[in-house]
Amino acid sequence: MLNLKRTIVAVCVALSLPLAAYADTTFSGRAVRVLDGDTIEVLTVAQERVRVRLANIDAPEKTQPYGQKSKQNLTRMVGGLNVTVIDVGGDQYGRRIGRVMVGADEANVEQVRAGMAWVYERYNHDPQLPSLEAAARNSRTGLWLDNSPQEPWTFRHAR
């Protein structure tokens, strides 16, 4: 284990990357753009634009049923507001993956509760989300009004 730590430190030093880049971090800023029901752009206090993909969830694509409603719901929650992002990593598209907080409310959780996103089971690390999705399904809230909504990951794969 000690050799692994030394190797990581050596690689970070060699690449001039801080070790903190590999740990969960938090940053704040204003949500200046909502791209869809699970992706926003945040203007940080350092005036840097950061694209953030909401962790643990997957919203309908813009061209899917409820895609625009999901985006509108997220816009109502975070658009133009100060948010705190609990950054849990990055993805292959250069986006940060994060839990987006508006005060004490987490937008990721609220999207599922409102029936505007699925729990992204493959990547979910939030144990409360499956029961919130089940409740939204049972009450036919949001996209669950549709008799057979198509998961966004299935929709993307079919394209």
Side-chain angles (χ1 to χ4, degrees), residues 20-159:
Y22 296 97
D24 287 0
T25 58
T26 301
F27 63 90
S28 297
R30 189 167 39 91
V32 293
R33 185 172 174 211
V34 176
L35 286 84
D36 57 29
D38 58 26
T39 308
I40 67 172
E41 206 166 79
V42 176
L43 182 64
T44 68
V45 293
Q47 299 302 299
E48 177 186 3
R49 285 183 176 262
V50 180
R51 192 161 289 183
V52 179
R53 169 79 158 72
L54 277 65
N56 306 316
I57 70 169
D58 199 3
E61 296 295 319
K62 288 185 274 192
T63 57
Q64 279 187 271
Y66 290 91
Q68 290 301 319
K69 288 182 181 184
S70 179
K71 176 182 176 181
Q72 291 165 359
N73 193 62
L74 185 58
T75 300
R76 278 192 298 273
M77 274 191 283
V78 305
L81 299 177
N82 290 325
V83 299
T84 299
V85 177
I86 301 168
D87 187 337
V88 298
D91 69 8
Q92 68 268 31
Y93 304 108
R95 300 175 296 192
R96 302 310 306 160
I97 306 294
R99 294 174 50 213
V100 176
M101 309 299 295
V102 182
D105 296 325
E106 182 178 339
N108 313 44
V109 169
E110 296 308 318
Q111 281 289 82
V112 172
R113 188 186 320 270
M116 293 296 156
W118 276 260
V119 176
Y120 206 168
E121 292 177 13
R122 183 174 176 187
Y123 300 106
N124 181 39
H125 294 98
D126 187 341
Q128 73 175 321
L129 290 180
S131 63
L132 293 175
E133 180 182 298
R137 281 180 192 245
N138 290 338
S139 64
R140 298 183 56 81
T141 302
L143 65 90
W144 305 113
L145 281 169
D146 192 325
N147 288 328
S148 56
Q150 183 180 36
E151 298 92 346
W153 54 89
T154 302
F155 179 82
R156 287 189 298 268
H157 184 68
R159 292 193 323 194

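Count residues from 1 along the sequence.
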For this session: May I ask you to check whether Arg113 and Asn108 show a side-chain donor-acceptor distance below 3.5 Å?
Result: no

Indicate the atoms forming the closest heavy-atom contact of [X] with [Y], along with that distance.
{"X": "Gly89", "Y": "Asp87", "answer": "N-OD1, 2.9 Å"}
{"X": "Pro130", "Y": "Asn124", "answer": "CD-ND2, 3.8 Å"}
{"X": "Thr141", "Y": "Ala114", "answer": "CG2-O, 3.2 Å"}
{"X": "Asn147", "Y": "Arg140", "answer": "OD1-NH2, 3.3 Å"}
{"X": "Met77", "Y": "Gln111", "answer": "CE-OE1, 3.2 Å"}

For this session: Begin from the C-alpha positions of Phe27 and Val50 and carry the test side chain to side chain contact (heavy atoms under 4.5 Å, CB included) through to its verdict.
Result: CA-CA 10 Å; Phe27 63 90; Val50 180; 3.8 Å; yes

For this session: Evaluate side chain to side chain contact (heavy atoms under 4.5 Å, CB included) for Asn56 paired with Tyr123, printing each intermediate quantity in order.
Result: CA-CA 6 Å; Asn56 306 316; Tyr123 300 106; 5.8 Å; no

For this session: Walk me through it: do Val85 and Arg96 pass the test side chain to side chain contact (heavy atoms under 4.5 Å, CB included)?
Result: CA-CA 9 Å; Val85 177; Arg96 302 310 306 160; 5.7 Å; no

Atom pair [atom1] ([X]) and [atom2] ([Y]), whose distance is rounded to the nearest 0.5 Å:
{"X": "Ile57", "Y": "Glu110", "atom1": "CD1", "atom2": "CD", "value": "10.5 Å"}
{"X": "Asp58", "Y": "Trp118", "atom1": "CG", "atom2": "CH2", "value": "8.0 Å"}
{"X": "Glu61", "Y": "Arg156", "atom1": "CD", "atom2": "CZ", "value": "4.5 Å"}
{"X": "Met116", "Y": "Leu143", "atom1": "CE", "atom2": "CG", "value": "7.0 Å"}
{"X": "Trp153", "Y": "His157", "atom1": "CH2", "atom2": "NE2", "value": "13.5 Å"}
{"X": "Leu54", "Y": "Glu106", "atom1": "CG", "atom2": "CD", "value": "8.0 Å"}

Problem set entry | Partner residues of Tyr66 under the ring pair (Phe, Tyr, Trp, His ring centres under 6.0 Å) criterion, sequence neighbours left out | none

For this session: Carefully, step by step, assess Leu129 and Ser131 under the rule side chain to side chain contact (heavy atoms under 4.5 Å, CB included).
Result: CA-CA 6 Å; Leu129 290 180; Ser131 63; over 6 Å; no

For this session: Please say whether more than 12 non-hydrogen atoms of neighbouring residues, nucleotides or ligands are located less than 6.0 Å from CD in Gln68.
Result: yes

Exercise. Does the Asn138 side chain pair with the main chain of Ala134, one donor and one acceptor, at a distance under 3.5 Å?
Worked result: yes

Exercise. Does the Thr154 side chain pair with the main chain of Gln150, one donor and one acceptor, at a distance under 3.5 Å?
Worked result: no

Exercise. So among Ser70, Pro65, Pro149, which one has a side-chain contact (heavy atoms from CB on, under 4.5 Å) with Pro60?
Worked result: Ser70

Problem set entry | By side chain to side chain donor-acceptor pair (under 3.5 Å) - contacts of Asp91 (at least two apart) | Arg95

In a table with atom names and distances, give each donor-acceptor pair under 3.5 Å that connects a side chain of residues 35-44 to protein atoms at least two apart or in another chain.
{"unit_1": "Asp36", "atom_1": "OD1", "unit_2": "Asp38", "atom_2": "N", "d": "3.0"}
{"unit_1": "Asp36", "atom_1": "OD1", "unit_2": "Thr39", "atom_2": "N", "d": "2.9"}
{"unit_1": "Asp36", "atom_1": "OD1", "unit_2": "Thr39", "atom_2": "OG1", "d": "3.2"}
{"unit_1": "Asp38", "atom_1": "OD2", "unit_2": "Ala59", "atom_2": "N", "d": "2.8"}
{"unit_1": "Glu41", "atom_1": "OE1", "unit_2": "Arg49", "atom_2": "NH1", "d": "2.6"}
{"unit_1": "Glu41", "atom_1": "OE2", "unit_2": "Arg51", "atom_2": "NH2", "d": "3.2"}
{"unit_1": "Thr44", "atom_1": "OG1", "unit_2": "Ala46", "atom_2": "N", "d": "3.3"}
{"unit_1": "Thr44", "atom_1": "OG1", "unit_2": "Glu48", "atom_2": "N", "d": "3.1"}
{"unit_1": "Thr44", "atom_1": "OG1", "unit_2": "Glu48", "atom_2": "O", "d": "3.3"}

